[in-house]
Amino acid sequence: MERTYIKDLKAQAGQEVVIKGWVDIRRDQGKLIFLDFRDMTGKVQGVILPNAKEAHDVGAILRPEWVVEVKGKVNPRPPKNVQAEKMNGDIELEILSMKVLSKAQELPFELGTDINIDTYLDYLPLTLRAEKQRAIFKVQTVIITAFREFLTKEGFTEFQAPKLIGEDAEGGANSFNIEYFGHTAHLAQSPQLYKQIMVGVFERVFAAGNVYRAEKHSTTRHLNEYTSLDIEMGFIKDHTDVMNMETKFLDHIMKELAAKCSAEFKLLKSEIPVVPEKIPSMKLREAQKIIQKEYGEDCSKEPDLEPQHERWLCEYSKKTWNSDFIFITHFPISKRPFYTYEDEDDLGYAKGGDLLFRGVEITTLAQRIHDYDKLVASMISKKLDPEKFSYYLQAFKFGMPPHGGLGLGLERLTAKLLNLENVKEATLFPRDINRIDSLLSSNKPKQDL
RNA sequence: GCGGAAGUAGCUCAACUGGUUAGAGCACUCGCCUGUCACGUGAGAGGUUGCGGGUUCAAGUCCCGUCUUCCGCGCCA
């Protein structure tokens with residue numbers, strides 16, 4: 001008999017069907033045993049009636065996470081037992097027979113109960129199965145898909161940026177070194193240089209891939225491996241074209257989430273933000289004045305925003321313009337990377353900035369220098385050796401349009417969208433300073449093998 | 001790297017100013033239960049209180065060292 005997915009059971013009322021999945025919960029009442037089953041499409045309650053002897057024998061030994069094949073009859077529930085708010089709350093599967101496809105050991109904890117984050121991370125192959133985690137990563141998939149859809153429609157071409165980088169790594173201090181056939185190579189900190197090269201090829205490009213930062217930070221918003229959603233576009237007027245493009249793709253993402261993930265947002269008790277037609281935007285110096293006026297802290301001499309400042313500005317933006325988003329532009333050019341374009345009308349400051357969302361920075365964007373001589377001069381002023389970037393510089397030697405782009409931290413966006421306390425909860429298998437799965441964790445729990 | 005907090009049963013947590021045999025809920029084992037849906041219910045098993053040293057008649061509790069984790073900061077997305 002062919003497998004029926006749990007979401008389709010209702011249409012099979014009165015019929016005998018076979019479902020396959022996991023045991024979610026067992027409620028054993030002796031003569032009556034209730035079992036909730038889960039497959040990729042949903043959940044359903046099964047009931048073993050007293051006369052189903054063989055099914056009863058199997059049902060009595062089943063435990064959570066056992067994998068089973070169940071033959072049963074789809075029945076409407078007795079009216080007083082209907083649970084209208086639940087999926088399949090008006091039907092149940094009368095279990096006729098069951099086959100155990102795989103047993104599960106005793107669980108270290110009940111799925112879905114509160115556990116500490118280190119326990120959560122120690123047991124990811126199990127904890128990721130919980131309803132909350134599946135909701136988080138479904139939302140994340142919808143974000144990526146919507147990002148792809150929108151940009152493709154806008155004429156962007158997706159490309160795969162290399163993760164193995166030679167000498168021309170942007171920074172150096174915070175890149176991972178790897179042994180590469182007798183040389184030292186690096187893991188990519190960003191697809192930046194490649195996406196600029198690709199502007200020379202396709203004008204508009206994007207990439208969604210992992211990047212690596214060898215930074216010894218330990219916060220709820222940092223990862224050593226994260227997913228960067230990157231775009232780069234040619235023939236722009238200035239950085240505001242990039243800001244407008246980001247506004248539009250964020251709007252599309254939020255609309256897709258509203259259409260496809262309302263149940264997930266409800267489960268995670270979070271609201272889908274509205275993207276204003278024009279996201280509030282101000283220069284760093286204006287933002288610093290607001291901080292002084294509203295919050296009484298003088299940070300006007302600082303070249304950057306501190307995490308507390310970012311939280312304040314988001315609070316202010318929400319209060320003043322009812323926006324969860326705010327752009328802060330024109331950071332000192334001296335603090336930005338060598339390829340950043342200086343504003344001719346505001347010398348010393350960058351044509352670009354950050355996008356803040358619900359208290360954290362999720363994007364850095366800018367117009368880039370497209371003139372070969374200016375770019376080389378900028379490298380030299382930053383004490384970088386143009387020789388090491390000769391490969392990248394070819395793109396500029398051979399003609400590049402004015403262009404700009406952005407990078408968006410997928411896990412930060414996901415975490416803030418869903419009110420998650422730690423960005424690690426928005427990462428399937430987070431890498432941090434003391435964890436690659438369990439490999440770096442010296443006091444991990446002893447596990448039965 | 002710096003600062004703060006914490007480490008007690010498989011998990012989540014209690015245990016007062018040091019004082020009987022370190023407790024509870026969930027999970028687990030063995031029963032009872034024909035409408036549960038976090039089922040209920042009776043009993044049971046489960047501990048080197050992270051590790052090492054010290055003070056004390058007595059240490060989960062106080063002191064020193066050490067390891068680990070979480071949170072904050074710098075840096076960043």
Side-chain angles (χ1 to χ4, degrees), chain A residues 24-36 43-51 56 63-64 75 77-83 85-89 92 94 105-123 126-127 170-171 173-174 189-190 192 210-230 302-308 310 331 335-337 354-357 360-365 406-416 421-424 426 432-435 440-448:
Chain A
D24 214 55
I25 292 178
R26 180 186 68 130
R27 292 179 295 276
D28 186 349
Q29 295 195 38
K31 295 243 174 9
L32 273 183
I33 300 176
F34 296 95
L35 293 159
D36 291 348
K43 288 190 198 179
V44 69
Q45 169 171 279
V47 58
I48 302 172
L49 298 175
N51 55 349
H56 203 279
R63 289 294 182 279
N75 290 330
R77 287 200 189 186
K80 69 182 169 74
N81 294 321
V82 168
Q83 301 235 320
E85 72 283 3
K86 280 190 184 174
M87 179 183 185
N88 288 326
E92 65 186 5
E94 180 191 337
Q105 291 184 5
E106 181 189 336
L107 269 44
F109 42 80
E110 199 176 339
L111 275 185
T113 55
D114 286 343
I115 50 175
N116 294 319
I117 187 142
D118 49 329
T119 306
Y120 166 79
L121 295 172
D122 280 336
Y123 288 97
L126 176 63
T127 49
E170 272 183 68
N174 52 5
Q189 295 168 269
S190 131
Q192 182 62 33
N210 290 150
V211 295
Y212 302 86
R213 300 284 168 93
E215 295 157 356
K216 291 188 171 180
H217 34 46
S218 174
T219 78
T220 52
R221 60 186 184 284
H222 285 98
L223 297 161
N224 293 292
E225 176 184 68
Y226 71 92
T227 306
S228 186
L229 303 183
D230 270 275
E302 293 176 35
D304 205 347
L305 293 169
E306 289 174 9
Q308 182 59 53
E310 293 176 349
F331 289 82
K335 288 285 170 184
R336 301 309 247 196
D354 291 346
L355 177 63
L356 310 184
F357 172 55
V360 295
E361 177 186 335
I362 58 167
T363 282
T364 295
L365 66 88
L406 61 84
L408 186 157
L410 174 66
E411 295 84 356
R412 281 193 182 177
L413 175 64
T414 311
K416 283 294 151 184
E421 281 175 19
N422 195 318
V423 73
K424 288 170 196 169
D432 67 29
I433 189 165
N434 41 42
R435 185 186 298 276
L440 307 180
S441 178
S442 58
N443 75 336
K444 61 179 186 281
K446 297 233 184 339
Q447 297 184 31
D448 298 332

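So that the names make sense, note that chain A is the first sequence line, chain B the second, and so on, each numbered from 1.
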**OP:** Find the distance A:L126:CG to B:C11:P and express it as a whole number of Å.
**Re:**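 Going from A:L126 (CG) to B:C11 (P), I get 13 Å.
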
Original post:
To the nearest angstrom, how far is A:I115 atom CD1 from B:C11 atom P?
Top reply: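 Checked: the CD1 to P distance equals 10 Å.
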
**OP:** Using only heavy-atom distances, decide whether a donor-acceptor pair under 3.5 angstrom links the side-chain of A:R27 to the base of B:C33.
**Re:**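 Donor-acceptor pair under 3.5 Å: no.
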
**OP:** Under the salt bridge (charged side-chain N to carboxylate O under 4.0 Å, His left out) rule, collect the residues that match up with A:D304, sequence neighbours excluded.
**Re:**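 Partners of A:D304 under the salt bridge (charged side-chain N to carboxylate O under 4.0 Å, His left out) test: none.
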
[atom1] atoms of [N] and [M], separation to the nearest Å:
N	M	atom1	result
B:C13	B:C51	C1'	23 Å
B:U66	B:A24	P	37 Å
B:A5	B:G10	C1'	25 Å

Subject >> Distance (rounded to the nearest 0.5 Å) between A:L305 CG and A:D354 CG >> reply: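 Taking CG in A:L305 and CG in A:D354, the distance rounds to 7.5 Å.
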
Original post:
Do the side-chain N or O atoms of A:K31 get closer than 4.0 angstrom to the phosphate oxygens (OP1, OP2) of B:U36?
Top reply: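 No, A:K31 has no side-chain N/O under 4.0 Å of OP1/OP2 on B:U36.
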
**OP:** Can you run down the salt bridge (charged side-chain N to carboxylate O under 4.0 Å, His left out) pairs that involve residues 108-119 of chain A, sequence neighbours left out, and say none if there aren't any?
**Re:**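 Passing the test, one end in residues 108-119 of chain A: no pairs.
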
**OP:** If a pair satisfies salt bridge (charged side-chain N to carboxylate O under 4.0 Å, His left out) and one of its residues is in residues 211-229 of chain A, list it, with sequence neighbours excluded.
**Re:**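 Residue pairs with at least one partner in residues 211-229 of chain A: A:E225-A:R431.
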
Check nucleotides 41-44 of chain B against the protein and report each pair of N or O atoms closer than 3.5 Å, with its distance, or say if there are none.
none

Original post:
Once each nucleotide of nucleotides 71-77 of chain B is scored for protein heavy atoms under 4.0 Å, what B/S/- sequence comes out, 5' to 3'?
Top reply: SBBBBBB

Looking at every strand, decide which applies to [X] at a 4.0 Å heavy-atom threshold: base, sugar-phosphate, or nothing.
X	value
A:E92	base
A:K80	sugar-phosphate
A:N81	base

Subject >> Test side-chain contact (heavy atoms from CB on, under 4.5 Å) applied to A:N88 - qualifying residues, sequence neighbours left out >> reply: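 For A:N88, the residues satisfying side-chain contact (heavy atoms from CB on, under 4.5 Å) (neighbours in sequence not counted) are A:I6, A:K10, A:V44, A:I91.
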
**OP:** Would you please name every residue forming a side-chain contact (heavy atoms from CB on, under 4.5 Å) with A:P78, sequence neighbours left out?
**Re:**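 Counting only residues at least two positions away or on another chain, A:P78 forms a side-chain contact (heavy atoms from CB on, under 4.5 Å) with A:N81, A:E92.
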
Subject >> By ring-ring contact (aromatic ring centres under 6.0 Å, His included) - contacts of A:F109 (at least two apart) >> reply: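 Only A:Y123 meet the ring-ring contact (aromatic ring centres under 6.0 Å, His included) criterion with A:F109.
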
**OP:** Could you tell me whether the side chain of A:H222 and the main chain of A:D432 form a donor-acceptor pair under 3.5 Å?
**Re:**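 Such a contact is absent between A:H222 side chain and A:D432 backbone.
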
Original post:
What base-paired stems does RNA chain B take part in, with at least 3 consecutive Watson-Crick or G-U wobble pairs and both distances under 3.5 Å?
Top reply: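 As far as RNA chain B goes, consecutive pairing (with distances under 3.5 Å) yields the stems B:1-7 with B:67-73, B:10-13 with B:23-26, B:28-32 with B:40-44, B:50-54 with B:62-66.
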
Protein and nucleotides 23-27 of chain B: nitrogen or oxygen contacts under 3.5 angstrom:
| from | atom 1 | to | atom 2 | distance (Å) |
| --- | --- | --- | --- | --- |
| B:C26 | O2' | A:E110 | OE1 | 2.9 |

Subject >> Positions of residues 43-50 of chain A (non-hydrogen atom under 4.0 Å from RNA chain B), listed by number >> reply: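 Close to the strand are A:Q45, A:L49, A:P50.
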
**OP:** Could you list the residues that satisfy side chain to side chain donor-acceptor pair (under 3.5 Å) with A:Y120, not counting sequence neighbours?
**Re:**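 Testing A:Y120 for side chain to side chain donor-acceptor pair (under 3.5 Å), a comparison that skips the adjacent residues, returns none.
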
